[in-house]
Structures are given as structure tokens and as C-alpha cells.
Amino acid sequence: MSTVEKTFYIETFGCQMNAHDSEKVVGTLVHEGYNQVATPEQANYIFYNTCSIRDKAEQKVYNKLQHFKNSGKGKVIGLLGCVAQQEGSKIFDRAPHVSLVAGSASYAKLPEMLVQIESGNRRVTGLDFDNPEAFDTPYTRRDNPFRTFLTIIEGCDKACAYCVVPFTRGPERSRTSESVMEEARRLADSGITELTLLGQNVNSYRDPSPVGWDFATILNEVGRIPGIRRVRFTTSHPRDFVKPIIDAIDSNPNLCDHVHLPVQSGSTQVLDGMRRLYTREQYMERIGWMKAAKRDIAITTDIIVGFPGETERDFEDTLDLLEDVQYDAIFAFKYSQRPNTSALAMGDHIPEEEKTRRIMLLNERQRAIQIRRHSQLIGSLEEVHVEGRHESLNQWMGKTSQHRTLNFTGRDAEALAGAYVPVRVTRAGPNSLVGEAVV
Ligand code: SAH
Ligand code: SF4
Ligand code: F3S
């Protein structure tokens with residue numbers, strides 16, 4: 001094995017936590033002397049960093065594995081992430097050509113696990129949650145030189161009835177504020193200007209060191225680091241969403257005016273069944289804080305339709321919530337039954353066609369809201385953090401502080417990626433804006 005060239009391919013599914021974990025895994029592997037390649041065919045080691053949030057997400061990886069059943073001979077196949085953690089060593093029975101099954105809490109041991117594989121062990125697992133600290137590595141290989149993720153807390157201590165995350169990511173572990181600040185300063189020194197603080201429940205952050213910073217404090221402090229111009233955070237849980245977070249946004253212009261606050265349902269009864277730990281009224285109180293802020297804070301959310309017991313009336317409460325809040329974007333999902341979750345006992349009795357009807361209606365209502373809200377922005381001046389260029393359209397693209405996509409023309413010759421450009425909005429669609437750079 002040691003004579004084989006160490007090349008690896010990695011493909012990532014799921015959320016930003018997984019995307020960032022993959023950056024850490026790549027950095028660790030490169031440090032261990034492995035070379036990353038662009039296709040699985042070129043690689044000796046193939047890693048899938050998997051997601052298990054809905055059944056469809058889980059099936060994706062089994063389709064991939066099927067493909068390598070025969071053609072994967074001589075290759076080492078590793079399953080990382082949430083499906084790996086959820087299914088554990090059962091994966092070896094289902095897919096005997098897999099050699100490594102490791103969940104996110106064990107990536108610190110990745111070099112050790114690779115040594116075991118190289119010495120011929122073809123069934124290596126990393127499934128313990130015994131690592132008391134969040135995974136922190138100096139070797140993270142970040143893809144974007146201008147904006148990046150920064151994990152501040154891992155895991156989840158909630159127990160929403162539908163959700164696999166507490167099982168796939170383990171209990172909450174916050175990083176020390178010192179280690180977060182040190183990494184943030186290092187990133188700022190390397191040219192990064194935009195940071196997204198990450199955690200499954202990012203606002204449950206609790207500094208384990210004696211200074212004991214809460215989430216609003218660390219948010220504010222990261223936003224004060226010289227060189228950092230934008231700070232975002234995701235995902236916030238409504239139960240732990242406190243007013244000082246809004247006060248921080250109001251007082252610190254480097255904190256972006258956008259909050260993603262998943263509601264899941266507009267019906268208190270469904271929220272109760274989901275064990276979300278808040279009522280519609282409590283959720284709306286938090287929305288009220290944002291609406292009362294001095295800054296115009298964009299609000300986005302996640303919604304599940306067809307949770308067991310969701311009546312037509314409950315669903316109408318969710319439709320009505322869209323009008324009350326006037327979200328800037330929503331991410332809607334059909335309820336999917338997941339292993340280990342407490343909602344399994346409630347069955348899955350809302351037919352697929354009905355879930356489809358509900359999700360379509362929801363998205364249609366939201367589309368009308370977005371068209372209305374976006375058209376109000378025509379004529380306004382926005383600052384865009386440039387991400388890249390659509391060559392075919394001759395347009396630059398980027399994001400506003402409120403996390404809207406704004407494509408613009410008017411600055412052709414220069415290299416603008418990473419720059420902050422003032423742009424006048426000239427047109428608006430439901431999902432993005434178009435404008436002209438102000439020179
Ligand atoms: N920690 C975040 C959610 C992470 S999962 C929070 O608490 O808000 C991202 C989204 O996936 C959830 O907000 C939820 O809308 C959706 N989701 C999670 N489990 C689901 C399931 N079993 N079926 C359908 N959607 C689900
Ligand atoms: Fe899942 Fe709920 Fe935890 Fe979010 S808070 S990750 S939805 S259990
Ligand atoms: Fe999926 Fe795991 Fe993220 S289940 S959504 S990759 S935490």
C-alpha cells in the first residue's frame with residue numbers, strides 16, 4: 001500500500017457545516033501528504049462527506065457507492081459525515097467495498113485512521129462522540145480567498161422530533177473564544193474580509209473559557225477585527241435568539257443585516273409536536289425585535305410541510321405567517337421520516353401529493369412576496385461583495401449585506417473578485433437583483 005500514490009477525491013453533500021468540514025478534511029489530508037484530484041477515477045482514495053437530513057439526501061450516497069461496486073477495485077472508499085455517523089458499521093454490510101466510516105466528531109483522528117487503512121485494515125470506524133472539543137485544525141484548506149466559514153460551535157442539544165442532527169453530530173461543543181478570535185484574526189491577515197460564524201445552533205454558543213462570552217459578544221468582537229468587513233452567522237434557533245443579538249447588529253455596521261431564523265411551522269400546535277420549544281407568538285416576538293431595529297434586517301427561514309398531524313388549518317397558519325413576517329427568502333421541505341427520531345412514532349400519514357400541493361402553494365405565495373419586496377429596492381444603492389463573473393452575460397455577481405444576489409454591469413476591465421462595489425439597483429426578479437456599478 002505504501003508504494004501506491006496517495007491521491008484522493010472528495011465530494012460533499014449537505015449543509016455549510018459539511019462543506020466546511022470537508023475543507024478541514026482536505027487540509028488535514030494534504031498535510032498528511034495526499035494530493036487532491038478532480039475525479040474519482042484519478043483517485044486511490046474516494047471520500048463522500050454525506051448528509052442524512054432527508055431520505056433523498058441519504059439515498060444520493062448509496063447511488064454513488066453502487067457505481068463503485070465493481071469499478072472501485074483497488075481504491076479505498078471512505079464515508080464521512082452524517083450518514084456515516086447514523087449507519088455506522090452497518091455500512092460495511094450494505095457496501096463491503098467501503099473501508100472507512102467516520103462521523104464529524106472523529107475527524108481529528110483522521111490521520112490515525114488512515115494509517116490503519118494503509119497498514120491493511122479494511123474496516124476502520126470513527127464513530128465516538130468522546131472528543132469534548134469542537135474539531136479545530138490549523139490545516140483547513142479554504143476554497144475562497146475573500147470569504148469563509150468559521151465554526152464556533154458543533155453539535156446540537158435540542159431534540160426536534162423530526163431531526164437526525166443530534167444523532168449525527170452529537171452534543172453541543174463550543175470552541176473557546178480565544179481560539180475563535182485567533183483564527184478570525186489569522187483569516188483577516190490572510191485577506192479574508194467576510195466571515196460566516198457556523199454552528200447547528202450558532203446562537204447557543206457559550207464560551208467554555210473563564211471569560212464566558214455569549215453569542216452576541218463573540219459576534220460583536222469578530223466584527224471588530226481589523227480587516228473584517230462583513231460577519232454573518234448561521235443557523236440560529238428561535239428559542240436561544242435573544243435581543244442583544246439584534247442590538248449588536250444595530251450597533252456594529254460590520255455585522256450583516258440578515259438573520260436566518262428557521263420557524264418550521266406557523267402553527268403552535270405543530271411546533272409543539274415538533275418539539276421546537278417556542279410558540280408562534282414567541283417566534284413573532286423575535287421578528288418584532290428585527291422589524292424594530294434601526295437597520296433593515298433581511299429575514300429568511302426554513303419550513304417543513306406535511307409534518308405528522310399538520311391539518312389544513314395548521315398549514316394555513318404557515319401561509320399566514322409568510323404574510324405576517326414578509327420573509328426575504330424561505331427554504332421549504334416536505335417532511336421526511338428519519339431513523340432514530342421521535343416523530344417516527346407518529347407515522348407519516350400525509351400523502352406525498354398533499355405535501356407537494358402544500359409546498360407548491362407555499363413557494364408560490366413566497367415568490368409573490370419576494371417580487372414585491374425586491375421591486376421596492378429598484379433605485380436603491382447597495383454595497384456588493386463581488387464573488388465572480390458571468391462571462392456570457394458580461395455581468396459581475398455578488399451579494400449584498402442582506403445576502404441578496406445582485407448582478408451588475410458597468411465595471412468591465414478590472415479584476416473585481418473580492419472587492420466591495422457600490423451598485424444602483426435597476427431591475428428586480430423574485431430571486432435576484434440587477435444593477436449598474438456606481439463609479
Ligand atoms: N439547526 C437548524 C436546522 C438544520 S437542518 C435549525 O434548528 O433550524 C436544516 C433544515 O432541514 C431544518 O431547518 C428543517 O427545515 C429541515 N429538516 C430537518 N429535518 C427534516 C426532515 N426530517 N424532513 C424535512 N425537512 C427537515
Ligand atoms: Fe435539528 Fe432541531 Fe437541532 Fe436544528 S435544533 S439541528 S432542527 S434538532
Ligand atoms: Fe445534512 Fe448533517 Fe448538515 S444531516 S444538513 S450534513 S448536519
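Just so you know, ligand 1 is whichever comes first in the structure, and atom 1 is the first atom listed for that ligand.
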*Provide, to 0.1 Å, the distance between atom 10 (C) of ligand 1 and the closest protein heavy atom, together with that atom's residue and name.*
Asp302 OD2, 3.4 Å

*Does the side chain of Cys160 reach to within under 4.5 Å of the side chain of Arg275, using non-hydrogen atoms?*
no

_Quick check on contacts: which atoms of ligand 3 are under 4.0 angstrom from a heavy atom of Ile53?_
1 (Fe), 4 (S), 5 (S)

*For atom 5 (S) of ligand 2, state which one of Thr168, Val165, Asn201 supplies the nearest heavy atom.*
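Among Thr168, Val165, Asn201, the closest heavy atom to atom 5 (S) of ligand 2 comes from Asn201.
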
_Closest protein heavy atom to atom 7 (S) of ligand 3, given as residue, atom name and distance to 0.1 Å_ = Gln200 NE2, 3.0 Å

_Classify the ring geometry of Tyr327 against Tyr283: parallel below 30°, tilted from 30° to 60°, perpendicular beyond 60°._
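Ring orientation of Tyr327 relative to Tyr283: tilted.
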
*Give me the ring orientation class for Phe68 and Tyr48: parallel if the planes are under 30° apart, tilted from 30 to 60°, perpendicular past 60°.*
tilted

_For atom 2 (Fe) of ligand 2, the protein heavy atom that lies nearest, with its residue and separation_ = Cys160 SG, 2.3 Å

*Taking only heavy atoms of Pro166 into account, list the atoms of ligand 2 that are under 4.0 Å away from them.*
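What qualifies from ligand 2 is 8 (S).
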
_Can you report which non-hydrogen protein atom sits closest to atom 19 (N) of ligand 1, along with the distance?_
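Answer for atom 19 (N) of ligand 1: Tyr162 CD1, 3.2 Å.
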
*Is there a heavy atom in Gln264 that sits closer than 4.0 Å to ligand 2?*
no

*asked:* Need the ligand 1 atom indices (1-based, order shown) with element for anything under 4.0 Å from a heavy-atom of Arg338.
replied: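 Listed by number with element, the hits are 22 (N).
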
*Kindly indicate whether the side chain of Leu65, heavy atoms from C-beta on, has any atom under 4.5 Å from the side chain of Leu79.*
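The answer is yes; the side chains approach within 4.5 Å.
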
*Note the single closest protein heavy atom to atom 3 (Fe) of ligand 3, along with its residue, its atom name and the distance in Å.*
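Here the closest protein heavy atom is Cys15 SG, 2.3 Å.
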
*Take atom NZ in Lys291; do more than 12 heavy atoms of anything else shown fall under 6.0 Å from it?*
yes

_Students should be able to answer this: which protein heavy-atom is nearest to atom 24 (C) of ligand 1, and at what distance?_
Lys334 O, 3.3 Å

*asked:* Any nitrogen or oxygen of Gln200 lying under 3.5 Å from a nitrogen or oxygen in ligand 1? Just yes or no.
replied: yes

*Other residues, nucleotides, ligands: >12 heavy atoms within 6.0 Å of Gln269 CD*: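 Check fails, neighbour count at 12 or below.
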
*Is there side-chain contact between Ser106 and Met113, with heavy atoms separated by less than 4.5 Å?*
yes

*Do the rings of Tyr139 and His31 sit parallel, tilted or perpendicular, given the 30° and 60° boundaries?*
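Parallel: the ring planes of Tyr139 and His31 meet at under 30°.
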
_Just to confirm my output: which protein heavy-atom neighbour is closest to atom 1 (Fe) of ligand 2, and how far is it?_
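Going atom by atom, the protein heavy atom closest to atom 1 (Fe) of ligand 2 ends up being Cys163 SG, 2.3 Å.
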
*Identify, for atom 17 (N) of ligand 1, the protein heavy atom at the shortest distance, and state residue, atom and that distance.*
Arg54 NH1, 3.5 Å

*Any atoms of ligand 1 less than 4.0 Å from a non-hydrogen atom of Tyr335? List them with their elements.*
23 (N), 24 (C)

*Should Arg169 be listed as contacting ligand 3, given a heavy-atom distance under 4.0 Å as the test?*
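Contact check Arg169 vs ligand 3: positive.
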
*asked:* So, 4.0 Å and heavy atoms of Arg276: is ligand 1 close enough to count as a contact?
replied: yes

*asked:* Below 30° counts as parallel, above 60° as perpendicular, anything between as tilted: where do the rings of Tyr420 and His385 land?
replied: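 Judged by the thresholds at 30° and 60°, the geometry between Tyr420 and His385 is parallel.
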
*Give a yes or no on whether a salt bridge exists between Asp257 and Arg295, defined as a side-chain N under 4.0 angstrom from a carboxylate O.*
yes

*asked:* Give me the residue, atom name and distance of the protein heavy atom closest to atom 2 (Fe) of ligand 3.
replied: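 Of the protein heavy atoms, Cys82 SG, 2.2 Å lies nearest.
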
*Test log, rule side-chain contact (heavy atoms from CB on, under 4.5 Å), inputs Ile249 and Val259*: CA-CA 10 Å; Ile249 295 176; Val259 173; 3.9 Å; yes

*Can you tell me if Gln16 has a non-hydrogen atom under 4.0 Å from ligand 3?*
no

*Any idea which protein heavy atom is nearest atom 3 (Fe) of ligand 2, and the distance to it?*
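Result for atom 3 (Fe) of ligand 2: Cys156 SG, 2.3 Å.
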
*So which protein heavy atom does atom 5 (S) of ligand 1 come closest to, and at what separation?*
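Going by distance alone, atom 5 (S) of ligand 1 is nearest to Ile53 CD1, 3.5 Å.
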
*Determine whether the aromatic ring centres of Tyr278 and Phe241 lie less than 6.0 Å apart.*
no

*asked:* Can you tell me if Val165 contacts ligand 1 (heavy atom of the residue under 4.0 Å from the ligand)?
replied: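 No; Val165 lies far enough from ligand 1 that no heavy-atom distance drops under 4.0 Å.
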
*Counting only heavy atoms, which portion of Ser336 has something under 4.0 Å from ligand 1: side chain, backbone, both, or neither?*
both

*Could you see which bit of Gln264 sits under 4.0 Å from ligand 1, with heavy atoms only: side chain, backbone, both or neither?*
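Side chain only.
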
*For Arg389, does the CZ atom have more than 12 heavy-atom neighbours from other residues, nucleotides or ligands under 6.0 Å away?*
yes

_Assess whether a salt bridge exists between Glu382 and Arg404, defined as any Lys/Arg side-chain N lying under 4.0 Å from an Asp/Glu carboxylate O._
no

*Nearest protein heavy-atom contact for atom 7 (S) of ligand 2: which residue, which atom, what distance?*
Tyr162 OH, 3.4 Å

*In ligand 2, which numbered atoms sit nearer than 4.0 Å to a non-hydrogen atom of His237?*
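Those of ligand 2 that fall under 4.0 Å from His237 are 5 (S).
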
*Provide, to 0.1 Å, the distance between atom 4 (S) of ligand 3 and the closest protein heavy atom, together with that atom's residue and name.*
Ser52 N, 3.3 Å

*Has Cys51 got an N/O/S atom less than 2.8 Å from atom 1 (Fe) of ligand 3?*
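Within the cut-off used here (under 2.8 Å), Cys51 does place an N, O or S atom near atom 1 (Fe) of ligand 3.
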
_Please report the interatomic distance OG(Ser177) to CG(Asp207), rounded to the nearest 0.5 Å._
3.5 Å

*asked:* Taking the six-membered ring for Trp, are Tyr34 and Tyr45 closer than 6.0 Å centroid to centroid?
replied: yes

_Residue from Arg175, Arg169, Lys24 passing salt bridge (charged side-chain N to carboxylate O under 4.0 Å, His left out) with Glu154_ = Lys24

*In the protein, what heavy atom is nearest to atom 8 (O) of ligand 1, and what distance, to one decimal place, separates them?*
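For this ligand atom, the closest protein heavy atom is Pro262 CG, 3.1 Å.
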
